[in-house]
Visitor: 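The following block contains the structure, expressed as structure tokens.
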Protein chains: 2
Amino acid sequence: MVALSIQEVSRHCGLSEPTLRYYEDIGLIGPVSRDERSGHRRYGTADVDTLEVLACLRAVGMRIEDMRVYLANRARGLSTSAEQRDLLLRQAERVEAEIRAKQARLGYLREKAALWDARHRGDAEAEAASSARLPLLIAGMELGASPAR
Amino acid sequence: MVALSIQEVSRHCGLSEPTLRYYEDIGLIGPVSRDERSGHRRYGTADVDTLEVLACLRAVGMRIEDMRVYLANRARGLSTSAEQRDLLLRQAERVEAEIRAKQARLGYLREKAALWDARHRGDAEAEAASSARLPLLIAGMELGASPAR
DNA sequence: AACCACCCCTCAAGCGCTTGAGGTCAACGG
DNA sequence: CCGTTGACCTCAAGCGCTTGAGGGGTGGTT
């Protein structure tokens with residue numbers, strides 16, 4: 001039985017140490033066993049496996065409550081496989097929307113930077129051109145879109 | 001002098017009503033004038049102009065404190081144009097990194113969905129193939145990357 | 001006049017972490 | 001043997017909103 005420290009687990013699966021503690025606090029994982037004398041967390045293989053999955057789900061922006069559902073389904077095995085698939089596909093759609101939104105925003109940022117650069121250089125013509133392009137970019141953005149999740 | 005309601009401004013610039021109130025609370029904008037008898041907020045042209053900019057900056061993930069800097073610089077005019085440009089370009093780089101991270105995560109999600117779908121269909125071969133591809137996708141993700149900002 | 005539907009208001013709490021303060025334990029060098 | 005890292009611990013507060021509770025004002029119907 002391996003018994004990794006919080007730092008090792010953090011590096012391994014890319015979740016910060018506070019996040020690991022937080023996930024334990026809210027009962028997503030664990031309770032994680034402790035080193036008798038120091039009281040430090042020692043993560044076993046099962047914990048790490050679960051955390052790897054959680055890290056990926058989190059990375060794609062899944063909410064905690066959906067993670068709970070996913071883990072519960074996983075524990076129940078095959079019977080829920082269609083549900084698992086749909087949970088993930090819905091999430092994938094959300095991520096795609098976020099990517100599209102971000103690309104639009106990126107265009108805006110770059111144009112706005114060009115505008116200030118033109119001002120900086122005292123290039124009135126370039127400044128006017130940028131100013132003219134900006135409203136189009138704003139129009140291209142889905143305004144209602146969430147900022148970052 | 002126009003005097004838009006909070007709902008109108010919200011729709012116009014894509015910030016939620018609570019967010020508009022919040023931005024006023026923390027002094028990013030305003031204080032916004034009020035309708036004498038009802039106490040409702042009435043936004044003027046200057047407010048709306050500022051909010052349009054803020055909506056875009058927020059949409060690209062700029063933090064509140066950077067927005068304050070941006071607005072302060074804007075008020076000071078040309079002298080800070082190079083600074084403005086750099087503030088925006090730094091932000092653009094962050095957004096690009098986020099997009100790359102999200103695309104990697106999307107691939108992971110889709111593969112994981114395929115895995116559960118294979119399980120659902122009882123297709124052991126497809127399941128094994130998906131299982132084999134997943135670790136590569138995980139390896140391709142920048143694990144340390146922030147989930148969404 | 002009473003009722004309803006809206007729009008707006010102000011708190012207060014929740015979300016999913018991050019950051020920071022303050023303290024313990026274990027191994028190391030001087 | 002003492003002092004210093006360094007990794008860990010536990011709160012508590014902060015971030016940037018969102019959500020929800022509890023209420024008021026206005027306008028149009030019955």
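In the text below, chain A, chain B and the rest are named by the order of the sequence lines, each starting its count at 1. Small disclaimer: the values here were computed from a predicted structure and weren't measured.
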Visitor: When you match A/Glu17 and B/Arg42 each to their closest nucleotide on DNA chain C, which lands nearer the 5' end?
Guide: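 Looking at the nearest nucleotide for each, B/Arg42 comes out on the 5' side.
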Visitor: Expressed as a whole number of angstroms, how long is the span from B/Met67:CE to D/dC17:C1'?
Guide: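 Checked: the CE to C1' distance equals 11 Å.
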Visitor: Is B/Arg58 close enough to D/dC17 that one of its side-chain N or O atoms is under 4.0 Å from OP1 or OP2 there?
Guide: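 For D/dC17, OP1 or OP2 has a side-chain N or O of B/Arg58 closer than 4.0 Å.
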Visitor: Report yes if a side-chain nitrogen or oxygen of B/Arg21 is closer than 4.0 Å to either non-bridging phosphate oxygen (OP1 or OP2) of D/dT18; otherwise report no.
Guide: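 False: B/Arg21 side-chain N/O out of range (4.0 Å or more) of D/dT18 OP1/OP2.
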Visitor: Going from CG on B/Leu109 to CG on A/Leu89, what distance comes out if it is rounded to the nearest 0.5 angstrom?
Guide: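 With rounding to 0.5 Å, CG (B/Leu109) is 8.5 Å from CG (A/Leu89).
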Visitor: Which part of the nucleic acid does B/Ile6 contact within heavy-atom distance under 4.0 Å: base, sugar-phosphate only, or nothing?
Guide: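 The answer is sugar-phosphate, as B/Ile6 gets under 4.0 Å only of primed atoms, P, OP1 or OP2.
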Visitor: Map A/Ile64 and B/Arg34 onto DNA chain C by nearest heavy atom, then report which one ends up closer to the 5' terminus.
Guide: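 The residue mapped nearer the 5' terminus is B/Arg34.
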Visitor: Once you round it to whole Å, what is the distance between C1' of C/dC17 and CE of A/Met62?
Guide: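 Taking CE of A/Met62 and C1' of C/dC17, I get 18 Å after rounding.
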Visitor: Does OP1 or OP2 of D/dC8 have a side-chain N or O of A/Ser38 closer than 4.0 Å?
Guide: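 No, outside the criterion.
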Visitor: According to the salt bridge (charged side-chain N to carboxylate O under 4.0 Å, His left out) rule, which pairs have a member within residues 84-93 of chain B, sequence neighbours left out?
Guide: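 Those involving residues 84-93 of chain B are A/Asp117-B/Arg85.
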Visitor: CD of B/Gln7 versus P of C/dC6: gap in Å, rounded?
Guide: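 One finds 11 Å between P of C/dC6 and CD of B/Gln7, rounded.
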Visitor: For C/dC7, does either OP1 or OP2 sit under 4.0 Å from a side-chain N or O belonging to B/Ser5?
Guide: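 Result: no.
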Visitor: State whether A/Arg41 and A/Glu17 are salt-bridged, where the test is any N-O pair (Lys NZ or Arg NE/NH1/NH2 against Asp/Glu carboxylate O) under 4.0 Å.
Guide: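 Not counted as a salt bridge, because no side-chain N and carboxylate O are separated by less than 4.0 Å.
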Visitor: Atom CZ of A/Arg41 and atom C1' of D/dC9: how far apart are they, to the nearest Å?
Guide: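 Roughly 7 Å, once rounded to whole Å.
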Visitor: Rounded off to whole Å, could you give me the CD-to-C1' distance for the B/Glu65 and C/dT19 pair?
Guide: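 Rounding to the nearest Å, CD of B/Glu65 and C1' of C/dT19 are 15 Å apart.
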Visitor: Could you give the CZ-to-C1' distance, from A/Arg63 to D/dC17, as a whole number of Å?
Guide: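 Rounded to whole Å, this separation is 12 Å.
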Visitor: Take A/Arg94 and A/Gln91, measure what side chain to side chain donor-acceptor pair (under 3.5 Å) needs, and give me the verdict at the end.
Guide: CA-CA 5 Å; A/Arg94 272 177 246 160; A/Gln91 193 64 40; 3.0 Å; yes
Visitor: Rounded to the nearest Å, what distance is computed from the OH atom of residue B/Tyr22 to the P atom of nucleotide C/dA12?
Guide: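 Atom OH in B/Tyr22 sits about 17 Å away from atom P in C/dA12.
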